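Reviewing the structure listed below.
Quick caveat: nothing in here was measured; it's all calculated off a predicted structure.
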Amino acid sequence: MYMERVRIFDTTLRDGEQSPGVSLNAMEKLQIARQLQKLGVDVIEAGFPITSPGDKEAVSLIAREVKGVVVAALARASALDIETAWEAIKEAESPRIHTFIATSDIHLKYKLKMDRETVIERAVAAVKLAKKFTADVEFSAEDASRSDLDFLCRVVEAAVKAGATTINIPDTVGYAEPEEFGEFIRKILEKVPVMDRAVLSVHCHDDLGLAVANSLAAIKNGARQVECTINGIGERAGNCSLEEIVMALYTRKDVLPFYTGIKTEEIYRTSKLVSNLTGMPVQPNKAIVGKNAFSHESGIHQDGVLKERTTYEIMNPRLVGIPESRLVLGKHSGRHALKERLLELGYELTEEQLNEAFVKFKALADKKKEVTDQDLEAMMEEEIRKVPETYSLEYFHISTGSTIIPTATVGLLKEGEKLEEAATGDGPVDAIYKAINKITGLAPVLEQYSINAVTSGEDALGEVVVKLKNGFGKIVTGRGVSTDILEASAKAYLNGINKLLFDYQMKGEKQ
Ligand SMILES: [Zn+2]
């Protein structure tokens with residue numbers, strides 16, 4: 001059967017990073033970009049450089065470091081935005097400037113306060129300017145789905161004639177309905193003959209839960225690039241989910257004769273990484289990557305799957321890289337066994353990294369009888385989230401109970417020096433945090449605190465996630481994993497504090 005390629009444009013680092021409460025530093029963005037490249041996306045939209053010096057810095061880091069993929073930067077249709085975007089991506093192997101302007105009457109009237117002719121002029125000028133820097137220019141008509149079709153077609157035609165090689169039609173507010181949106185895409189292609197020189201792209205939001213359905217309808221009607229994010233994160237209700245659109249195309253080739261360059265086995269790992277670094281958990285019933293996506297609860301279903309998997313499973317979980325939960329390693333397992341298992345889970349370690357991992361593994365195996373794949377993943381994820389440890393946890397003591405005031409004594413190491421303080425609090429965790437504040441001299445606001453059991457059983461690993469906000473309004477996510485939840489709490493808080501300190505160093509700000 002003849003199959004056509006659909007390009008996957010990932011905007012996890014731009015639209016996804018605009019999710020409320022999410023803030024990634026440059027190193028975290030780089031880690032995600034590297035994984036996206038491994039996943040096989042065609043384009044990584046790395047950020048929106050004009051919005052902050054930090055974002056610009058992160059985009060240039062990705063442009064320099066990540067090869068074998070197009071790196072795009074977003075810019076409004078203005079000279080300064082486009083020049084700043086180019087500054088950030090000029091070292092990329094394949095740089096793309098993505099410029100946009102709104103085309104709906106509602107945006108023209110209330111937001112831009114511009115008439116239609118001016119919008120066309122601005123779009124053309126923006127594309128022409130971007131074209132001076134790079135041949136690969138994408139133009140987006142913001143709020144396209146609520147725009148007048150004839151006017152939108154005029155803008156699209158002008159943008160293509162000015163040199164745009166990709167035209168993106170966003171459903172910015174998630175208002176479209178699949179059949180209507182598919183029709184809309186078909187009409188644009190019919191009415192703008194020069195579209196044979198450009199790729200038509202869509203960017204759908206999920207306000208009505210229709211982002212994936214709308215994107216599929218667009219593909220059926222001629223779109224050949226889809227903009228999407230890992231776990232569907234993004235502004236408000238989020239974007240079209242990468243894993244869902246890719247697996248829909250893969251699983252239903254019979255009715256959707258299209259393919260993508262995605263290595264599906266990397267999906268699960270990417271989802272975990274993004275969820276960990278953004279601090280946005282994946283809902284258990286999320287399609288493809290949710291904890292329950294391949295669990296069978298009813299006896300009838302379990303019985304069926306045991307007899308023949310395809311009775312109740314339309315995809316093999318291995319296909320999306322979900323590790324099988326086998327109990328594998330224990331206290332007597334050696335370095336070689338650990339290395340092999342980590343390799344199967346997708347972690348290729350250097351000798352030095354393996355040594356470090358082995359020490360951690362031994363400590364864990366001493367506390368737990370059996371070390372599962374999930375334990376190993378939790379351990380490795382803690383490892384990759386590392387920032388320089390200005391402060392590390394040496395020890396802590398707690399005295400608490402129903403009739404006494406909780407008191408914590410905490411010992412931290414800073415460049416080999418041992419620092420100790422004691423403090424009281426409303427509870428044991430509060431007491432630990434106050435003692436840490438005394439030592440570090442910082443007092444960030446604890447915006448969020450949550451505990452999750454990573455694995456099951458009495459000796460399960462617990463993961464604590466905290467969100468800390470400093471005086472400048474900067475929010476960081478800190479994580480800690482341990483079989484003891486107070487220790488996990490202390491580690492998470494310190495991880496957050498170390499991140500805040502690391503950011504100050506990167507930006508050269510004074511504390
Ligand atoms: Zn968007």
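Closest heavy-atom contact between Lys56 and Pro49: CB-O, 3.7 Å. Shortest non-hydrogen contact noted between Glu265 and Arg318 is CG-O, 4.3 Å. Considering all non-hydrogen atoms of both residues, Ala159 and Ile167 come closest at CB-CD1, 3.9 Å.
Side-chain N or O atoms of Ser140 include none that pairs as donor or acceptor with a backbone N or O of Glu142 at under 3.5 Å. Checked by atom type and distance alone, the side chain of Asp42 pairs as donor or acceptor with a backbone atom of Ile8 at under 3.5 Å. Within the 3.5 Å criterion, the main-chain N or O of Ala211 finds a donor-acceptor partner in the side chain of Asp206. Distance alone, capped at 3.5 Å, places no donor-acceptor pair between the Glu45 side chain and the Asp15 backbone. For Ser275 (side chain) and Ser271 (main-chain N/O), no donor-acceptor pair under 3.5 Å exists by modelled atom type. Distance alone, capped at 3.5 Å, places no donor-acceptor pair between the Thr264 side chain and the Val320 backbone. Here the side chain of Glu313 pairs no donor or acceptor atom with the backbone of Asn316 at under 3.5 angstrom. Side-chain N or O atoms of Lys38 include none that pairs as donor or acceptor with a backbone N or O of Glu266 at under 3.5 Å. Arg236 contributes no side-chain N or O that, together with a main-chain N or O of Asp207, makes up a donor-acceptor pair within less than 3.5 Å. Looking only at distances, no side-chain donor or acceptor of Asn495 sits under 3.5 Å from a matching main-chain atom of Lys491.
Looking only at atom types and distance, the side chain of Asp143 has no donor-acceptor partner in the side chain of Thr172 under 3.5 Å away. For the residue pair Asp136/Thr134, the side-chain donor-acceptor check at 3.5 Å is not satisfied. The closest side-chain donor-acceptor pair between Thr350 and Gln353 falls under 3.5 angstrom. Side-chain contact, Thr12 with Thr229: no donor N or O sits under 3.5 Å from an acceptor N or O. Inspection of the Gln225 and Ser201 side chains reveals an N or O donor paired with an N or O acceptor under 3.5 Å. Between the side chains of Thr11 and Glu227, no donor N or O sits under 3.5 Å from an acceptor N or O.
For the pair Lys253 and Tyr250, the cation sits on the ring face: its NZ or CZ lies under 6.0 Å from the ring centre, inside 45° of the axis.
Not counting sequence neighbours, the partners of Asp81 by the salt bridge (charged side-chain N to carboxylate O under 4.0 Å, His left out) test are Arg76. Applying the salt bridge (charged side-chain N to carboxylate O under 4.0 Å, His left out) test to Glu91 and every residue at least two apart in sequence or in another chain returns Arg64. By the salt bridge (charged side-chain N to carboxylate O under 4.0 Å, His left out) test, Lys132 is found to be paired with no residue, residues two or more places apart in sequence or in another chain being considered. Scored by the side chain to side chain donor-acceptor pair (under 3.5 Å) test, Arg122 finds no partners at all (sequence neighbours excluded).
For Glu179, the CD atom sits in a loose shell: 12 or fewer heavy atoms of surrounding residues, nucleotides or ligands are nearer than 6.0 Å. The local environment of CD1 in Ile106 is sparse, with at most 12 non-hydrogen atoms from other residues, nucleotides or ligands closer than 6.0 Å. Counted within 6.0 Å of CZ on Phe151, heavy atoms from surrounding residues, nucleotides or ligands total more than 12; the atom is thus considered enclosed. Counting non-hydrogen atoms of other residues, nucleotides and ligands closer than 6.0 Å to NZ of Lys263 gives a total above 12. Around atom CD of Glu4, more than 12 heavy atoms belonging to other residues, nucleotides or ligands sit under 6.0 Å away.
Taking a cutoff of 4.0 Å between a charged side-chain nitrogen and a carboxylate oxygen, Arg146 and Asp171 do not qualify as a salt bridge.
Atom CG in Leu74 sits 8.0 Å away from atom CD in Gln18 (nearest 0.5 Å). Between Ile219 atom CD1 and Ile185 atom CD1 the span is 10.5 Å, to the nearest 0.5 Å. The distance from atom CG of Asn239 to atom CD1 of Ile245, rounded to the nearest 0.5 Å, is 11.5 Å. Atom-to-atom distance recorded for Asp375:CG and Lys360:NZ is 13.5 Å, nearest 0.5 angstrom. To the nearest 0.5 angstrom, Leu24 atom CG is 11.5 Å from Leu30 atom CG. Once rounded to the nearest 0.5 Å, the distance linking CD1 of Ile62 with CD of Gln37 reads 12.0 Å.
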Apply salt bridge (Lys or Arg N to Asp or Glu O under 4.0 Å) to residues Lys191 and Glu157 and explain how you reach the verdict. CA-CA 9 Å; Lys191 283 173 183 269; Glu157 181 171 351; over 6 Å; no

Check against side chain to side chain contact (heavy atoms under 4.5 Å, CB included), Lys187 and Glu183: CA-CA 6 Å; Lys187 283 187 185 151; Glu183 188 79 344; 4.1 Å; yes

Do Arg197 and Val194 pass the side chain to side chain contact (heavy atoms under 4.5 Å, CB included) test, and can you show the C-alpha distance, the side-chain angles, and the key distance before you say yes or no? CA-CA 6 Å; Arg197 290 191 239 154; Val194 291; 3.3 Å; yes

Take Lys90 and Glu87, measure what salt bridge (Lys or Arg N to Asp or Glu O under 4.0 Å) needs, and give me the verdict at the end. CA-CA 6 Å; Lys90 64 182 177 198; Glu87 274 293 306; 3.4 Å; yes

Chi angles and distances behind the salt bridge (Lys or Arg N to Asp or Glu O under 4.0 Å) call for Lys286, Glu244: CA-CA 9 Å; Lys286 168 81 173 63; Glu244 292 178 22; 2.5 Å; yes

Pair Ser147-Ser104, side-chain hydrogen bond (donor to acceptor under 3.5 Å, both in side chains): steps then yes or no: CA-CA 4 Å; Ser147 302; Ser104 68; 4.8 Å; no

Evaluate Glu138 against Arg96 for salt bridge (Lys or Arg N to Asp or Glu O under 4.0 Å), listing each step before the verdict. CA-CA 7 Å; Glu138 171 165 337; Arg96 172 181 295 188; 2.8 Å; yes

Does Arg7 form a side chain to side chain contact (heavy atoms under 4.5 Å, CB included) with Val43? I'd like the steps, not just the answer. CA-CA 8 Å; Arg7 290 189 168 81; Val43 185; 5.7 Å; no

What verdict does the side chain to side chain contact (heavy atoms under 4.5 Å, CB included) test give for Ile475 and Leu468, after you've listed the backbone C-alpha separation in whole Å, the side-chain angles of each residue and the deciding distance to 0.1 Å? CA-CA 6 Å; Ile475 296 175; Leu468 306 181; over 6 Å; no

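Remark: of the listed residues Ile288, Asn231, Val274, Val41, Val41 is the sole one forming a side chain to side chain contact (heavy atoms under 4.5 Å, CB included) with Leu242. With Ile267 as reference, Leu39 is the one residue of Leu39, Leu319, Ile230 to meet the side chain to side chain contact (heavy atoms under 4.5 Å, CB included) rule.
Under the ring-ring contact (aromatic ring centres under 6.0 Å, His included) criterion, the residue pairs touching residues 75-101 are Phe9-His98, Trp86-Phe133, with sequence neighbours excluded. For residues 194-217, the ring-ring contact (aromatic ring centres under 6.0 Å, His included) pairs, not counting sequence neighbours, are His203-His205.
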